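Proteins come first, then strands; the chains are lettered A, B, ... in the order of their sequence lines, and each starts at number 1. All values derive from a computational prediction rather than experimental measurement.
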Protein chains: 2
Amino acid sequence: MLDSPKSQTKSATGSSQKKRLDPDEREAHIVAEAVRFFAEHGFEGKTRDLAKRIGITQPLLYRYFPSKESLIERVYNEVYVQRWNPAWEGLITDRRVPLSDRLCSFYKEYSRAVYDYVWVRMFIYSGLKGVDINDRYLRGIKEKVLRPVCAELRHTHGLPTPQEIPIDEQELELAWGLHGSFFYRAIRFYIYNLTTTADNETAIENEVRVFLAGVGPVQRKLVEALTKHD
Amino acid sequence: MLDSPKSQTKSATGSSQKKRLDPDEREAHIVAEAVRFFAEHGFEGKTRDLAKRIGITQPLLYRYFPSKESLIERVYNEVYVQRWNPAWEGLITDRRVPLSDRLCSFYKEYSRAVYDYVWVRMFIYSGLKGVDINDRYLRGIKEKVLRPVCAELRHTHGLPTPQEIPIDEQELELAWGLHGSFFYRAIRFYIYNLTTTADNETAIENEVRVFLAGVGPVQRKLVEALTKHD
DNA sequence: TTATTTATTTATCGCTTGATAATTAAAGAG
DNA sequence: CTCTTTAATTATCAAGCGATAAATAAATAA
């Protein structure tokens, strides 16, 4: 609208104002911008706005993607792929290391991958939309993080193993509590723009410390209640 | 579309299939449905879909609201007004009651108002959209809940008052942690449809117990670090 | 009954949307 | 330079959007 057609050959800007790109390069550029665009505006963001942001015309998007839907699909893959490091799972269960160190290490590592504007907002947007990817992801968190954490807590506090007494939902809820403390900070940041001067890694350390110092008796009580039921 | 025009005079259904409503009644009906509709689909939900759901034609909406925007405005008011009970603030600071009871009472009461499909989703939707109402709300939480909680913790653990040593951001982060545990459960429920067999009130009790049993030394360390800086 | 009022519907407008077809122009090959 | 290829643009379509105006029909008053 505001751009006159002739103004595309920007002489003053100089640098990489190339008009024709290699298809691979152009596609990568589109995807990269689309990721941020949809993270900001949600998936109802308009293709014309996206194109304007990229600096191309709207129909050009359709040379690289047959539909908006397919572009969104691509964006999903881009955001969700390789955000989970399987090594983290071993990090939690490595009993040579004190549990507090393990939890701190895990959540610090995890925050490096997940405390990210694009990731957090996409995760929330697709949750609202009801995309199944979130269910699977959170079930993964439950099985690969929270249940192992409960098991390690059992071991630390000298309680029965999960094989002896299965882990209760209410017991898992304790671990969800720690996880919620962690993830809610990301929400405050990226959804509500609530900045804080508090250092993130210090906050994680303190959260883990509070959790471990307090969880013992509560878990013991829960497990004992389960024992009596058998 | 699928309804034939004549089928409106449903004879079999009988009950309250009145065609013409009093304006007040109709308006209330529209608002009530709009609240749920926008909570489900977000504010980009289409007026035609909303009308179909209400069982009226789309132009009728415009007899009661001059624009979609004004209807959304009304929905906001409906959802946000009177969701905060000022009495809760006194609940936290009442030192005749043990702190654990106070925190349990507060979060149980609060959950009755806030563990709600419409409220949670609207809160997240408007956060993503960047509506200022959320900033204000969360700043309210910070000042009316979290800061008082920190002050009460100070008192319980025999630490200096906030007047003597101001409450640090990192200290507030501890209280945000408890709050996050609490709110993240609502998110799991209403955004991600992750049901649990765990009872909510029990979960709150356990969360508070873990928090109070573990927070003492961590807070003491933080406050002592602040003392040295003076 | 007849007349009046007004809640509700039908029909439609202007604009925006995702998407397509036709056209232009930048790069490489000969 | 000329020819070919194709990245990118211009022009446009059909459907869907919020919104308006005119027509209809249900309630009330006379």
- Item | Flag side-chain contact, heavy atom, 4.5 Å: A/Lys108 against A/Glu205 |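 Yes, close enough: below the 4.5 Å cut-off.
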- Message: So if I take every side-chain heavy atom of A/Thr47 and compare against C/dA7, C/dG18, D/dA7, which nucleotide ends up nearest?
- Response: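 Taking heavy atoms from C-beta onward, the closest nucleotide is C/dG18.
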- Could you work out which one of D/dG18, D/dA7, C/dG18 sits closest to the side chain of A/Lys68?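 When the side chain of A/Lys68 is considered, C/dG18 is the closest of D/dG18, D/dA7, C/dG18.
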- Message: Only Watson-Crick and G-U wobble pairs, only distances under 3.5 Å, only runs of 3 or more: what stems does that leave for DNA chain D?
- Response: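 So the stems come out as C:1-30 with D:1-30.
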Roughly, in whole Å, what's the span from [atom1] in [X] to [atom2] in [N]?
X       : N      : atom1 : atom2 : result
A/Lys52 : C/dT16 : NZ    : P     : 11 Å
A/Leu60 : C/dG18 : CG    : P     : 16 Å
B/Glu25 : D/dA26 : CD    : P     : 17 Å
B/Ile54 : C/dT9  : CD1   : P     : 11 Å
B/Asp22 : C/dT5  : CG    : C1'   : 14 Å
B/Glu44 : C/dT16 : CD    : P     : 15 Å
A/Gln58 : D/dC13 : CD    : C1'   : 12 Å
B/Leu61 : C/dT8  : CG    : P     : 11 Å

- Message: So for B/Arg20 and C/dT6, does any side-chain atom that can act as donor or acceptor lie under 3.5 Å from a complementary atom in the base?
- Response: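 Pair found.
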Counting just side-chain N and O atoms, does [X] come under 4.0 Å of either OP1 or OP2 of [N]?
X       : N      : answer
A/Thr57 : D/dA8  : no
B/Arg48 : D/dG16 : no
A/Tyr62 : D/dA8  : no

- Message: Within the 3.5 Å criterion, strictly below it, is a donor on B/Trp176 or A/Glu207 matched to an acceptor on the partner's side chain?
- Response: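 No, no side-chain donor-acceptor pair sits under 3.5 Å.
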- Item | Residue pair B/Tyr80 / B/Ser126, side-chain donor-acceptor N/O under 3.5 Å |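 Result is yes, a qualifying pair exists.
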- Message: On DNA chain C, does the nearest nucleotide to A/Ser67 precede the nearest nucleotide to B/Ile56 from the 5' side, or the other way round? Give the residue.
- Response: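 Counting from the 5' end, the first nearest nucleotide belongs to B/Ile56.
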- Message: Salt bridge check, B/Glu201 against B/Arg112: does any charged N sit closer than 4.0 Å to a carboxylate O?
- Response: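 A salt bridge links B/Arg112 with B/Glu201.
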- Query: When B/Arg26 is tested against each of B/Asp24, B/Asp22, B/Ile30 for side chain to side chain contact (heavy atoms under 4.5 Å, CB included), which residue passes?
  - Reply: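 It is B/Ile30, the one option of B/Asp24, B/Asp22, B/Ile30 that forms the side chain to side chain contact (heavy atoms under 4.5 Å, CB included) with B/Arg26.
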- Heavy atoms under 4.0 Å, any strand shown: does B/Phe65 hit a base, just sugar-phosphate, or nothing?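 The residue B/Phe65 makes no contact with any strand.
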- Item | Sugar-phosphate, base or nothing in reach of B/Pro59, heavy atoms under 4.0 Å |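 Base contact.
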- Between B/Tyr184 and B/Tyr192, does the ring centre distance come in under 6.0 Å?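 Ring-ring flag for B/Tyr184/B/Tyr192: false, centres at least 6.0 Å apart.
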- What distance separates A/Thr93 OG1 from A/Lys144 NZ, expressed to the nearest 0.5 Å?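 So the gap between those two atoms works out to 13.5 Å.
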